[in-house]
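Naming convention: chains lettered A, B, ... in sequence-line order (proteins, then strands); numbering from 1 in each chain.
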Protein chains: 2
Amino acid sequence: MSAAPLDPSEHRSGALLDHLARRMRLRSESVLAPLGLRPRHLVALTVLRAGGGISQQALASTLEMDGTNIVGLLNDLEAERLIERRRSPEDRRRHVVELTDDGAKRLSEAECALAGAENEVLGALEPTERETLYELLRRATTGPISCGEAVREETPPDTSC
Amino acid sequence: MSAAPLDPSEHRSGALLDHLARRMRLRSESVLAPLGLRPRHLVALTVLRAGGGISQQALASTLEMDGTNIVGLLNDLEAERLIERRRSPEDRRRHVVELTDDGAKRLSEAECALAGAENEVLGALEPTERETLYELLRRATTGPISCGEAVREETPPDTSC
DNA sequence: TATTGTTATACTCTATAACTATA
DNA sequence: TATAGTTATAGAGTATAACAATA
């Protein structure tokens with residue numbers, strides 16, 4: 001009755017990633033609400049901590065979000081002094097976005113508060129496995145795609161299967 | 001300049017998971033569209049392949065989606081004969097949901113078509129690392145939470161940090 | 001003219017409430 | 001009365017188009 005494919009090259013992580021991310025996000029929402037944050041805010045703060053001082057468009061490219069929605073997202077964070085927008089002296093059209101000290105502090109508090117939610121969602125994994133997962137996710141998200149500036153390439157017609 | 005926490009117990013995978021899942025989903029959408037599927041459909045089909053013959057409510061619990069949205073989701077899949085709804089003889093209120101042969105076939109085709117998207121998103125990882133990631137995701141999503149029937153517990157006030 | 005950021009708006013996804021049928 | 005599924009509908013999330021400032 002094993003209908004699942006056994007060849008590792010047939011394994012697709014997409015659906016599992018979607019499923020697990022949803023479960024994590026649902027629990028994160030209730031944990032973050034008292035801190036005045038939403039999961040999306042945490043993703044932005046995390047990216048800005050890893051590499052701040054970038055334009056809104058570069059942030060949009062990294063997060064793969066539409067630039068128009070970055071505006072509202074940063075408005076939220078700026079209203080609570082978690083990030084700062086400064087006009088770039090080199091190109092006055094650009095806003096240079098950076099994490100404030102308060103932002104770094106709030107992010108740490110949020111990560112601390114999320115420990116329980118993460119323990120619940122990743123309950124089936126041992127501590128060393130969770131660390132492995134974290135490392136894989138970190139490396140995957142800091143790859144060339146996520147750091148590119150305005151990549152947005154269309155998916156090539158890869159029918160190699 | 002290393003502002004990131006170094007203690008592994010401080011590592012939180014939530015934001016990275018969210019970020020990576022989004023990138024995967026955006027690429028999956030364009031790949032799945034010609035097959036008449038959306039990322040959400042693929043998650044449901046994947047869960048049903050792993051363990052079909054369950055009620056809509058159990059499916060909702062596993063996917064952690066509201067039961068009302070499961071209706072439309074299954075309507076889509078049923079319209080294309082990818083799943084079947086049968087009244088349970090034991091409790092005629094229930095619909096027993098199962099993957100059809102066409103559904104299993106379409107799922108395989110979709111997974112095949114997604115190879116390119118996955119290669120792009122997981123480009124920073126080696127093949128063995130991708131297999132490790134797949135295994136971790138599979139085990140995490142088949143844990144006691146995802147298989148529970150109508151768990152839906154509120155997040156406990158875990159302030160152990 | 002092209003680009004950055006902004007606003008207004010339409011579209012999709014998700015959740016809440018009320019209904020039908022079964023138990 | 002309580003539960004499984006359905007429908008209708010309002011709220012949140014996201015994308016598209018037009019505009020202002022700057023290059």
Side-chain angles (χ1 to χ4, degrees), chain A residues 18-19 21-23 25-30 32-33 36-44 53-79 83-98 149-152 154, chain B residues 18-19 21-23 25-30 32-33 36-44 53-79 83-98 149-152 154:
Chain A
D18 215 334
H19 190 177
R22 161 180 263 275
R23 288 168 55 184
R25 182 167 43 76
L26 287 171
R27 283 165 183 75
S28 298
E29 278 169 358
S30 56
L32 292 175
L37 296 173
R38 290 168 178 275
R40 166 173 339 101
H41 296 139
L42 216 68
V43 177
I54 60 178
S55 70
Q56 292 188 195
Q57 195 181 6
L59 184 61
S61 175
T62 299
L63 294 175
E64 298 205 40
M65 284 180 61
D66 195 282
T68 61
N69 297 319
I70 295 291
V71 176
L73 180 59
L74 293 181
N75 286 349
D76 295 342
L77 298 173
E78 195 176 38
I83 61 104
E84 271 183 0
R85 278 193 264 221
R86 293 181 290 102
R87 283 285 172 191
S88 168
E90 301 166 352
D91 184 343
R92 286 186 47 75
R93 291 173 301 184
R94 290 186 180 174
H95 276 163
V96 174
V97 183
E98 258 171 326
E149 302 226 354
V151 179
R152 283 281 175 180
E154 286 299 317
Chain B
D18 213 335
H19 190 178
R22 163 181 263 274
R23 288 168 55 184
R25 182 167 43 77
L26 287 171
R27 283 164 184 74
S28 297
E29 279 168 359
S30 56
L32 293 175
L37 296 173
R38 290 169 177 273
R40 169 173 340 97
H41 297 140
L42 215 68
V43 176
I54 59 179
S55 69
Q56 293 189 193
Q57 196 180 7
L59 184 61
S61 175
T62 298
L63 294 175
E64 298 206 39
M65 283 179 63
D66 195 284
T68 60
N69 297 320
I70 295 291
V71 176
L73 181 58
L74 293 182
N75 285 349
D76 295 341
L77 297 174
E78 195 177 38
I83 61 106
E84 271 183 0
R85 279 193 262 219
R86 294 180 290 101
R87 282 284 173 191
S88 168
E90 301 166 352
D91 184 343
R92 287 185 46 75
R93 290 173 302 183
R94 290 186 181 174
H95 276 162
V96 175
V97 184
E98 257 170 327
E149 302 226 353
V151 179
R152 283 281 176 180
E154 286 297 318

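- Distance, E64(B) CD to dA15(C) C1': 15 Å, rounded to whole Å.
- H19(B) has its side chain out of reach of E64(A): every pair of non-hydrogen atoms, C-beta onward, lies at least 4.5 Å apart.
- Defined by atom type and a distance below 3.5 Å, a donor-acceptor pair is present between the side-chain atoms of Q56(B) and R85(B).
- Atom CD1 of I83(A) is separated from atom P of dG5(C) by 12 Å (rounded to the nearest Å).
- The shortest distance between side-chain heavy atoms of Q57(B) and R94(B) does not fall below 4.5 Å.
- In this structure, the CG atom of L73(A) is 14 Å from the P atom of dT7(C), given to the nearest Å.
- A close approach under 4.0 Å does not occur between any side-chain nitrogen or oxygen of R92(A) and OP1 or OP2 of dT3(C).
- Rounded to an integer number of Å, the gap from CG of D66(A) to P of dT12(C) is 16 Å.
- Between the CG atom of L63(B) and the P atom of dC13(C) there is a distance of 15 Å, rounded to whole Å.
- Rounded to whole Å, the distance from CD on E90(A) to P on dA23(D) is 11 Å.
- Using a 3.5 Å distance cut-off with no hydrogens or angles, the side chains of H95(B) and R86(B) do not pair a donor with an acceptor.
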Which letters describe nucleotides 4-11 of chain D, given B = protein heavy atom under 4.0 Å from base, S = only from sugar-phosphate, - = neither? SSBB----

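- Here the side chains of V97(B) and S55(B) are not in contact, with every heavy-atom distance at 4.5 Å or above.
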Stepwise side chain to side chain contact (heavy atoms under 4.5 Å, CB included) check, H41(B) with D76(B): CA-CA 8 Å; H41(B) 297 140; D76(B) 295 341; 3.1 Å; yes

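- The phosphate of dT14(D) (OP1 or OP2) has a side-chain N or O of R40(A) nearer than 4.0 angstrom.
- Protein atom CE of M65(B) is 16 Å distant from nucleotide atom P of dG13(D), rounded to whole Å.
- Here dT12(C) presents its P atom at 16 Å from CG of L26(B), a figure rounded to the nearest Å.
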